Every structure is written in structure tokens, then in C-alpha cells.
Asker: 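A single structure is presented below for examination.
Since the model is a prediction, treat every value here as computed from it, not as a measurement. Protein chains get the first letters and strands the later ones, always in sequence-line order, with residue 1 at the start of each.
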Number of protein chains: 2
Amino acid sequence: MSKVNIKVLAEQLQLSVSTISKALRDSYEISDETKKKVLELAAQLNYVPNPYASSLRKKKSKTIAVVLPEVADNFFSLAINGIQSIAETKGYHVLIYLSHEKFANERTILEDCQSGRVDGVLISISSETKSAEHIIKLQANNIPVVFFDREQESIETARVTTNDYDCGLMAANHLLKKGCRKPAFVSISQSLPICLNREEGFKAALTEAGIPEANQQIIYCTDNDSMYDQIKTILQNKHRPDGLIASVEKIVTPVYLACHELGIHIPEDIKVIAFATLDTAPILNPPLTTITQPAFEIGKAAATLLFKGIEKSTFDLSKERMVIPSVLIERESTAGGS
Amino acid sequence: MSKVNIKVLAEQLQLSVSTISKALRDSYEISDETKKKVLELAAQLNYVPNPYASSLRKKKSKTIAVVLPEVADNFFSLAINGIQSIAETKGYHVLIYLSHEKFANERTILEDCQSGRVDGVLISISSETKSAEHIIKLQANNIPVVFFDREQESIETARVTTNDYDCGLMAANHLLKKGCRKPAFVSISQSLPICLNREEGFKAALTEAGIPEANQQIIYCTDNDSMYDQIKTILQNKHRPDGLIASVEKIVTPVYLACHELGIHIPEDIKVIAFATLDTAPILNPPLTTITQPAFEIGKAAATLLFKGIEKSTFDLSKERMVIPSVLIERESTAGGS
DNA sequence: CTGAAAGCGCTAACAA
DNA sequence: TTGTTAGCGCTTTCAG
């Protein structure tokens, strides 16, 4: 099966390669008759254009990179869905890269992205990422970058996030309203804006409510493997919190398991609310109150912005900031109180 | 920022482009001294090779495509993880394409894959896919294809699956052992081998146990949107099943919700077991008995096979069949009986 | 050990 | 309306 290319078509039709090329792209320069002949033969010979030849020549790859910490997380998989939905309509291809929450991986990935392999990058940074140079370098190479959800604050470019601070407030106020007096906030990073903002909202709400700082417990579970043990320790503490905010989805299962193991009842002994897009939230034991992020929409919006940045050289990404609010969905895990 | 390429390096060092090219790839033809100079300048100028130029020349893209029905499903996201883990070590890039369970989408995607954009394809077919021509066409273009989980049976190529038939048997026998007399099997496709094989195992177990065919209910929920209503209808039926096997993960939430809505108790009124890799299974209400598929391992194994097929022309994929068994994890949703 | 030159498949001036 | 030609950036003979 020798590969059929433009030259083969040209020979068979006794035309030049440029005529074929133009005909294939429906150029106004080519007669309808010729176009028809070309398209027919192309279909007949199962001609498929070589994208890399075209990319090399046009310096456009029609490909974007999505760089994220992991895929096995409902937020990210829904965001990918949103991104794909836009990429499809635009005819773009999507490369997926996983940082596994490691800065070193993220840097390596972005280095490769400078090669011309992609026309733009959508990124949700790792929980380790503090520096911004690897991203700045990308921009210096004229590769547009758009953040979704997990941004790097010092960088000048578009970002699509949810209203993290307000949600932190909302979550904490919800627990207060339900009668909690010493709620805890479980975070996975001391640098990620999503975590910090949610945490700030949490603290502001408690302070406003007159809860002493000593009762504003914040727990950092930066290591995935020890998360379960860490949570268990907290729940066994004599200052055991009476409410808990899970700043990200993956904290939920260990919390529920630990409570069960220790005979601590949700919501009687401790109320739980989580930032999560889990579709099993309503069937958990007990059903979980969530701050549900618009993951699909965030992906869509970020992709839309990125394509604007790619396709319209006049479009300035640097000041774009889009905030799509999350919603609190109350379920039994925070029942009780007033 | 004018892009630095091999030619720029050559000029600056007063060397030829071919020397640079060889030096960069650490060819034995080049002196250590020259190599060192080249590497230094490359680092200094932040040289990144253009992958498309290289691909065009070498006719290798160092890229694979992963084609699957959806990402927002724990099985698939874990499989992607497994695939990525191998691709990373091999230095390959991963393009993700979603068929959204539509045959037409799948065909379009695979057509593009014939372009040389990818060196190989990993695919889990859509629930609609019956024909195989689109896949055969790929192979005719010398693009190796490996199936993971959802295979197309008539095609001669490698596949990595789990022991679906046995798991169907196992699930049904588990329900029988727990006292079910008229269990139902909920499927999403009448053509997908994973569903058919699980279904066959189910029927074989019941027949073996002397359950009349009339009590071997099989329900096809081919449409996502109406799944909830369909399940509710079944549960309201006077021949309501006393056990239920969910053939795929996404059936779980609607089943639990419908039971709750109708006041049907799991496991007292109906026992539920599901093919799922849900990490929330142990914290559901009640905890869900699962047939847990080795999703990560399936992804890994499929990718490993694909790369063998890509890199070793002597390696024959056509007869490779790998079956990685799932495990039944018993939880409360099937409690009771003997 | 280094260099010259051809060409991967396609596009885009520019001619005709 | 069609054709000629010169590359895109890289690899790879083949010569030197």
C-alpha cells in the first residue's frame, strides 16, 4: 500500500501539484470541473492529506495541548469534555499531558510545547507549581496559554476559574448555619490559588462569625498516600472538628471511610461539605453536600478563549478573566442545626 | 523572537546543518568536542527541534491516538492513566479523541488517523459500532490498532480485555448465592462484546441454576437520557427483579436514585452488583458490591502491545489476546441470603 | 570526522 | 484557470 499523496493525484490527472492542492482546498482559482475531478479521484484513492507537511509549511498545527495534574478526577474529565467539545467544532486535535502534580513534569511538558507541536496550551497547574518561568517561556515563544481552574497568579494571560473565595465563604457559612462551631478546612496545597482562595473565604467567614482562630483548623494533605492516615489522626484528635470542608474531590472518600472506621457519624458528629462534581454525591452514605463546579463550562470557556487567542492576532488574552460560579447543593451530610 | 532552528545553530558555529543534526542526535560520526559545542549553543539559544519536520522526513510521528466513547467515566480515565504511563516512558505523545458512543464520529476520527498523524491507535469502540471497515482501512494503511476493553470481534489484531463472560457468571452466581430468584441484567448495547459476554455469563449461570428464562430479565438502556426513567419503569413492574447487575458504571447512579425514589431498599428488596471502578463504591448507601476491572492495567497492557507493534516490525499483533481478570468485591448492596 | 545535496508532502508566491 | 518553483526544518545517503 504505497501512500497516495498530492503528487500521485497530479500525475493521474495530468495536472500540477499546486492545482491539486488548491482544488482540494476549494480555492476560487480552480474551475469547478477540475475540482470535481480532483475530489473524485481523491475519494477513490482514499487520499488523506499529510498534516505534518502542511503544519511544517504553514507553521500551524491545528493541535492544542491540555496539561493537567490527572485525569481520574471528575472535575478534570468533565473539563476535558468541555475542551473537546469546542476543539471538535474548530477542527483542532487535542494532546493530553499529565503532570501528576509534579512541577518537574510540568516543566518538561511545556518545554516540548515550544516546538511548534501545538498552537496553544490549556493548563491547570500542579499543586507543586510555584514558579512561573516555564509558562513565561512558552509565551515568549508566542504560544498562547490559557489557565483553567488552577491558575498561576503572576502570569499575564487569560484564565477561567470559579468563584473560589465566595465558595469558601459559602461553604463555611453553610456549616455555621448548620451549627458547627469548630469546622476544619482540608487543603491539598499551600500554593494553589484555588485552595488558598477557598481557604481565605473559609477563614473570613469564621472570623466574621466570631469563631476564634484556634478553632479555624486548616489541614494540608499534600501527599496522596498519607491522606487517609492524616485525616484519621485529625478525627481522633481531642479537638476533633465538628465540620469539614473538603477543598477537592479526592478528599471525600478518605473522609467518609475514616469516619466510618472510627464510628463518627455524618452529619451528627461532623458535617461534611466538599468541592466536587461527583455524580455519586446524592447516593453516598449520607448524601454529600457539594459545591459543584461548572467543570464542563470551564473547559469550554477556556478553550473558546484559547482559540480566539490563536486565531485572532488582534485578540489580547492578557486581561481576560472569566469566573463561572459554582453552586452549593445541600444534602444530608450537613443536615441538622437550625 | 525569531525561531531558532538547525540552520541558525550551523551558522553560528560555522558548521553544516548535517553536522548539527547528527550532533544533536549523538551520532558516533561526530567528535565529542563538536557535540559539546552544539549542545551548549542549543541550550543557550533554547533550541527546540521541530517535531513535524522530523516526522515528515522520518515518517514517524511519535504520537498515538486514543479513541474512546467518553472520558467522564472512571474506567476510561484510569485506562488513560495506564496508557499515559507507558507513553511517557516511551517518549510518545497522546492524542485523545471522543466518539461519544457514535459510530459516525468514530469513523471520522479513524479516517484522520490514516494521515500519518499517529503511529498507532488504541481504541475502545462505541456502543453503536457494528461494522469494522473503518478499522480495517486503518490497518490497510499500516497503522497498528490495539483494542482495549471494548473490542470489535471480527478484526484481526491485538486486544486487551477482562474476563467478561466469567465475570457475568460470577456476578449472577453471587446474586443467586445471596438468594435472588429473578435477577435482571442491565446492558447498554446489543452489540458490544463486553456487554454480550457479560450477558452470556449471566444467562448461563441462571440457566445452570434452573432459573426459568422468563425470570432472566435483560434490559437494554441504549439511550443515556432515558436511562433513569427506563430503570424506574422496571422497578415498578410487577415482575420487579430481586437482583440487578449493572453492566457498566454509569448505570449505578440512576439505579440507586430510582430505588430511593420508589422506596425500594437495597439489599433487602433488591440486590445490586455493578461492573465498576468507582472509588466511591465503599461509601455509597449502601456500599456497592462491584466487579472491579483492572482499568489501569488494561490501559498499560494495551499500550505496551501497541508500542511493540509500532517499534518491532517483526512483532505480529494479530494473534495477541490478553485477558486481565476483574475481581468481585463484596459489599452491602448484595448482603443477605445464605 | 564533516559537508553537500536531495527530498519528506504540502503551500504560496509568481508566471504564464 | 493552471503551472513552476522555492521552500517549511529536518534526516540521510553519499562524498570528501
Asker: Given atom NZ of B:Lys58 and atom P of D:dG9, what is their separation to the nearest angstrom?
Answerer: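 For the pair B:Lys58 NZ and D:dG9 P, the rounded distance is 18 Å.
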Asker: Of all of residues 21-44 of chain A, which get a heavy atom below 4.0 angstrom from DNA chain C, listed by number?
Answerer: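 DNA chain C contact set from residues 21-44 of chain A: A:Ser21, A:Lys22, A:Arg25.
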Asker: So does A:Lys35 pair up with A:Glu29, basic N to acidic O under 4.0 Å?
Answerer: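 No, A:Lys35 and A:Glu29 are not salt-bridged.
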Asker: Quick one: which of C:dC10, D:dC10, C:dA12 gets closest to the side chain of B:Asn5?
Answerer: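 The closest nucleotide is D:dC10.
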Asker: Can you sort out the partners of B:Arg107 under salt bridge (charged side-chain N to carboxylate O under 4.0 Å, His left out), two or more places apart, ordered by chain and number?
Answerer: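 In terms of salt bridge (charged side-chain N to carboxylate O under 4.0 Å, His left out), with neighbours along the sequence ignored, B:Arg107 is linked to no residue.
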Asker: Can you sort out the partners of A:Phe103 under ring pair (Phe, Tyr, Trp, His ring centres under 6.0 Å), two or more places apart, ordered by chain and number?
Answerer: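 For A:Phe103 the ring pair (Phe, Tyr, Trp, His ring centres under 6.0 Å) partners, ignoring immediate neighbours, are A:His134.
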Asker: Determine the interplanar angle of the B:Phe76 and B:Phe148 rings, folded into 0 to 90°, and report it as parallel if under 30°, tilted if 30 to 60°, perpendicular if over 60°.
Answerer: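 It falls in the perpendicular class, over 60°.
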Asker: For DNA chain C, whose closest nucleotide is more 5', that of B:Thr19 or that of B:Leu56?
Answerer: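 Nearest nucleotide further toward 5': that of B:Thr19.
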Asker: Distance check: side-chain N/O of A:Tyr47 vs OP1/OP2 of C:dC10, anything under 4.0 Å?
Answerer: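 Yes, because at least one side-chain N or O of A:Tyr47 sits under 4.0 Å from OP1 or OP2 of C:dC10.
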Asker: What is the distance, to the nearest angstrom, from the NZ atom on A:Lys60 to the P atom on C:dA12?
Answerer: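 Going from NZ in A:Lys60 over to P in C:dA12 covers 12 Å.
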Asker: Tell me: CD of A:Gln14 to P of D:dT2, nearest whole Å?
Answerer: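 In whole Å, D:dT2 P lies 14 Å from A:Gln14 CD.
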Asker: Taking the basic N atoms (NZ, or NE/NH1/NH2) and the acidic carboxylate oxygens, is any pair closer than 4.0 Å for A:Glu311 and A:Lys90?
Answerer: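 A salt bridge is present here (some side-chain N lies under 4.0 Å from a carboxylate O).
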Asker: How many whole angstroms separate atom CG of B:Leu15 from atom P of C:dA4?
Answerer: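 B:Leu15 atom CG is separated from C:dA4 atom P by 11 Å.
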Asker: Look at B:Ser16 and C:dG3 and indicate whether a side-chain polar atom (N or O) is within less than 4.0 Å of OP1 or OP2.
Answerer: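 It does, given that an N or O in the side chain of B:Ser16 lies less than 4.0 Å from OP1 or OP2 of C:dG3.
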Asker: If I take atom CD1 from residue A:Ile64 and atom CD1 from residue A:Ile310, how far apart are they, to the nearest 0.5 angstrom?
Answerer: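 Going from CD1 on A:Ile64 over to CD1 on A:Ile310, the span is 6.5 Å.
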Asker: Which pairs of donor and acceptor atoms, one on a side chain in residues 110-117 of chain B, lie under 3.5 Å apart (sequence neighbours left out)?
Answerer:
residue  : atom : partner  : partner atom : Å
B:Asp112 : OD2  : B:Arg117 : NE           : 2.9
B:Gln114 : OE1  : A:Asn46  : ND2          : 3.1
B:Gln114 : OE1  : B:Asn141 : ND2          : 3.0
B:Ser115 : OG   : B:Asp112 : O            : 2.7
B:Ser115 : OG   : B:Arg117 : N            : 3.1
B:Arg117 : NH2  : A:His93  : NE2          : 3.0

Asker: Please give, in whole Å, the distance from C:dT11 C1' to A:Lys7 NZ?
Answerer: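 To the nearest whole Å, that distance equals 16 Å.
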Asker: Whether A:Lys3 contacts C:dC8 is assessed here as follows: a side-chain N or O lying under 4.0 Å from the phosphate OP1 or OP2. Is that the case?
Answerer: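 No.
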Asker: I'd like to check the salt bridge (charged side-chain N to carboxylate O under 4.0 Å, His left out) partners of B:Glu70; sequence neighbours left out, ordered by chain and number.
Answerer: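 B:Glu70 satisfies salt bridge (charged side-chain N to carboxylate O under 4.0 Å, His left out) with B:Lys250 once adjacent residues are dropped.
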Asker: Between atom CG in B:Leu9 and atom P in C:dT2, what is the gap in whole Å?
Answerer: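 After rounding, the gap between these two atoms is 15 Å.
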Asker: Between B:Lys62 (NZ) and D:dT11 (C1'), how many Å, whole number?
Answerer: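 It works out to 15 Å between those atoms.
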Asker: Between protein and nucleic acid, restricted to nucleotides 5-7 of chain D and to nitrogen or oxygen atoms under 3.5 Å apart, what atom pairs and distances do you find?
Answerer:
residue : atom : partner : partner atom : Å
D:dG7   : N2   : A:Arg57 : NH1          : 3.2

Asker: Charged N to carboxylate O below 4.0 Å: is that the case for A:Glu128 and A:Lys102?
Answerer: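 Here A:Glu128 pairs with A:Lys102 in a salt bridge, since their nearest N and O are under 4.0 Å apart.
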Asker: Grab the CD-C1' distance between B:Glu11 and D:dG9 for me, whole Å please.
Answerer: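 Distance check: B:Glu11 CD to D:dG9 C1' gives 13 Å.
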